[in-house]
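Encoded as structure tokens, the structure appears first; notes follow it.
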Amino acid sequence: MRPRLATIAWLWVLPAFVLLGVFLVYPVVNTIYLSFFSGRGASVFVGLDNYRYLFTHPETLVVFRNNLLWLVLFTGASVGLGLILAVLSNQVRYEAVAKAIIFVPMAVSFTAAAVIWRFMYIYRPGQFEQTGVLNAAMVALGFDPVPWITNTAVNNYALIAAGIWMWTGFALVVISAGLKGIPAEVLEAARVDGANEVQIFWRVILPMLRSVMLVVAVTLTINSLKVFDLVYVMTFGNYQTDVLANRMFKEMFTFGNFGRASAVAVVLLLAIIPLMALNIRRFRREQ
Amino acid sequence: MAGVHFEHVTKRFGDFTALKEFDLEIHDREFLVLVGPSGCGKSTALRMLAGLEDITEGSIYIGDRRVNGIPAKDRDIAMVFQSYALYPHMTVFDNIAFGLRLRKTPKDELTTKVKEAATTLGVDTLLDRKPGQLSGGQRQRVAVARAIVREPQVFLLDEPLSNLDAKLRVHTRAEISKLHQRLGTTFVYVTHDQTEAMTMADRIAVMNEGIIQQVGSPQELYDEPVNVFVAGFIGSPSMNFFSAKTVENGEGVRLEGDGFAVDVPQDRAEEMRAFLDREMIFGVRPENIHDKHFVPSGITAAPTTVTVDVTEPMGNEVFLHLLAGKTMLLARVDPRTTVSADEEVEVVIDMERMHVFDPESREAVRTA
Ligand SMILES: Nc1ncnc2c1ncn2[C@@H]1O[C@H](COP(=O)(O)OP(=O)(O)OP(=O)(O)O)[C@@H](O)[C@H]1O
Ligand SMILES: [Mg+2]
């Protein structure tokens with residue numbers, strides 16, 4: 001009876017394994033394989049050349065720096081803002097409306113959002129009237145307009161700001177749900193124990209939100225590593241705003257360099273694996 | 001240590017009045033129990049005292065201090081919640097220590113006090129665990145330990161035993177009473193269970209629909225309930241009620257109920273004549289209805305004929321479900337009784353222990 005049961009079990013999972021094999025395992029393995037070859041024309045085995053290029057060439061080093069900026073600023077600000085807004089909106093009466101407004105960007109397509117923000121950031125040199133919202137506001141307030149997209153001192157932050165605008169709603173909604181899950185009596189107990197609202201926030205609410213915040217942070221970190229659409233639409237990675245995913249796309253479809261594109265993909269994969277592992281471990285523990 | 005005084009306190013949630021003209025004086029060191037059915041406003045009263053709910057009207061004093069508008073953290077009280085409300089991310093030690101830490105208690109003193117409180121409640125071996133790793137009874141103990149460690153002026157307990165199983169509840173009841181004696185602090189204890197109220201309280205305040213019905217010692221409430229509500233709420237099994245009209249019957253009087261009659265002998269008839277020919281509500285506790293063969297001496301026996309519906313032998317006593325006309329009466333009689341179901345028997349009611357209530361106001365009518 002036993003062996004037959006095992007056989008049946010294998011039969012049941014076989015389709016899933018086949019699909020995973022064809023669509024997941026094979027591409028990954030093939031990508032790793034391709035990353036050791038020069039991509040153009042006749043493929044030639046080049047060893048670690050593609051990786052050496054990635055980690056030494058000034059142009060790609062900027063890409064890594066940018067992704068790091070995204071990782072730190074985008075994740076940090078989205079989680080932080082989400083937390084602050086969740087706590088604040090929990091106190092107001094028109095909470096549902098407030099949260100809906102902040103969540104709306106999540107429902108906009110990324111490409112559309114990128115276009116919207118490109119309009120927001122429009123800069124016109126010289127004496128032309130500023131048609132971008134941000135620069136119009138700057139001028140109205142008596143400041144000089146800023147070329148948000150092309151000025152390398154600010155453009156990465158401008159892009160990241162658009163990303164934060166899109167994702168804060170996600171952080172807000174998830175953290176807010178976590179906040180609702182904290183029993184009112186626990187907070188009341190803290191109040192009776194002598195805690196003021198600030199102490200309650202730091203010593204009770206925040207620690208109790210820890211696992212929810214971790215989920216949000218990991219999700220956003222993964223998003224920051226694979227950010228693509230915003231950069232692709234707003235700058236196509238020009239003016240030193242390139243990121244890994246866009247670089248991969250460029251190497252592949254603009255330069256036709258399979259080897260380098262694959263190497264970028266592998267680096268991205270390696271960066272995300274520990275985060276996935278963290279997520280899976282947490283998921284297991286919860287079960 | 002301090003007493004507590006509710007002065008004409010009213011609490012409204014929008015249009016709904018949860019507490020009405022609530023007046024209550026709780027003495028220093030007293031164990032006062034607020035008891036009443038679900039939704040009568042017990043928790044609301046307690047939460048207002050704790051500072052977790054605003055006071056709509058009136059004043060609350062802790063000691064001499066009027067605490068209206070003073071936040072919970074500055075009231076020097078401790079509370080045990082029904083759900084225990086332990087901090088799930090902290091160990092038992094940190095749960096108990098939380099309040100002391102906020103008060104910047106020196107480390108040595110803090111450790112000593114936490115250990116002491118934990119030992120008192122028998123949770124000193126669990127100090128490193130998180131609440132999620134404790135049983136319900138253990139959590140309850142930790143919640144109490146967290147409350148006593150700060151040596152507050154007043155302890156508030158909101159149905160702290162309702163999540164425990166029956167056996168543990170009886171046990172913990174006794175322990176809380178002991179704790180009260182040892183600490184000598186004012187306890188305000190909320191419950192909907194009249195047994196808890198009777199066994200633990202110095203005084204009980206019975207509430208219904210946001211209004212205090214009666215305040216008194218357990219025995220006072222049991223012997224002299226001021227209205228039908230208190231009479232029915234206090235005591236288990238609860239008091240029997242029936243409507244009957246008092247009519248003259250030779251020397252004595254006769255209570256004519258719906259399909260049955262109770263003959264009141266001469267020596268008690270005089271008081272009953274006060275409401276001659278009026279329909280009144282009569283109340284008698286199950287233990288004051290006796291099998292006619294086992295009537296204790298020294299009572300004023302008023303006989304009546306009833307039909308036995310069900311008998312429930314308990315060993316030390318027998319519960320008889322009786323049908324007096326259309327009225328159901330529960331009697332708690334001597335176990336030697338030989339009556340059986342469907343039998344028509346004569347029982348006697350102890351007229352000394354008969355309660356009479358006005359049918360309109362439902363208030364007790366003092367008989368002599
Ligand atoms: N925040 C609130 N808003 C509106 N109504 C409330 C609120 N809190 C309590 N009430 C109402 O006030 C009444 C008293 O509630 P309370 O919690 O004091 O009852 P309770 O006596 O403690 O009952 P229980 O034994 O079920 O705990 C209830 O009818 C309840 O619906
Ligand atoms: Mg309650």
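Bear in mind that the values here come from a model prediction, so they are computed numbers and not experimental data. Chain identifiers are assigned alphabetically (A, B, ...) following the order of the sequence lines, protein sequences preceding nucleic acid strands; residue numbering begins at 1 within each chain.
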Provide the closest heavy-atom pair for B:Pro88 versus A:Met208 in the form atom of the first, atom of the second, distance.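 Closest approach of B:Pro88 to A:Met208: CG-CE, 3.2 Å.
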
Can you name the closest pair of heavy atoms from B:Arg146 and A:Ala189 and give their distance?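 Nearest heavy atoms, B:Arg146 then A:Ala189: NH2-CB, 3.5 Å.
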
Relative to chain B, which segment of [X] carries a heavy atom at a distance below 4.5 Å: side chain, backbone, both, or neither?
| X | value |
| --- | --- |
| A:Ala190 | both |
| A:Gln199 | side chain |
| A:Arg203 | both |

Determine whether more than 12 heavy atoms belonging to other residues, nucleotides or ligands lie under 6.0 Å from atom [atom1] of [X].
| X | atom1 | answer |
| --- | --- | --- |
| B:Phe31 | CZ | yes |
| A:Arg210 | CZ | no |
| A:Tyr157 | OH | no |

Who wins among A:Val204, A:Ile182, A:Asn196 for the most heavy-atom pairs under 4.5 Å with chain B?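 Ranked by heavy-atom pairs under 4.5 Å with chain B, first place is A:Val204.
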
Going by the side-chain contact (heavy atoms from CB on, under 4.5 Å) test, name the single residue among B:Arg150, B:Lys73, B:Arg101 that passes it with A:Asp193.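 The option that passes is B:Arg150.
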
Most contacts with chain A, counted as non-hydrogen pairs under 4.5 angstrom, among B:Ala85, B:Pro71, B:Gly51, B:Ala143: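 Highest number of heavy-atom pairs under 4.5 Å: B:Ala85.
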
Roughly how far apart are B:Leu86 CG and A:Glu185 CD, rounded to 0.5 Å?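 One gets 11.0 Å once the value is rounded to the nearest 0.5 Å.
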
Any side-chain heavy-atom pair of B:Arg47 and A:Glu188 under 4.5 Å: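 Yes, at least one pair of side-chain atoms sits under 4.5 Å.
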
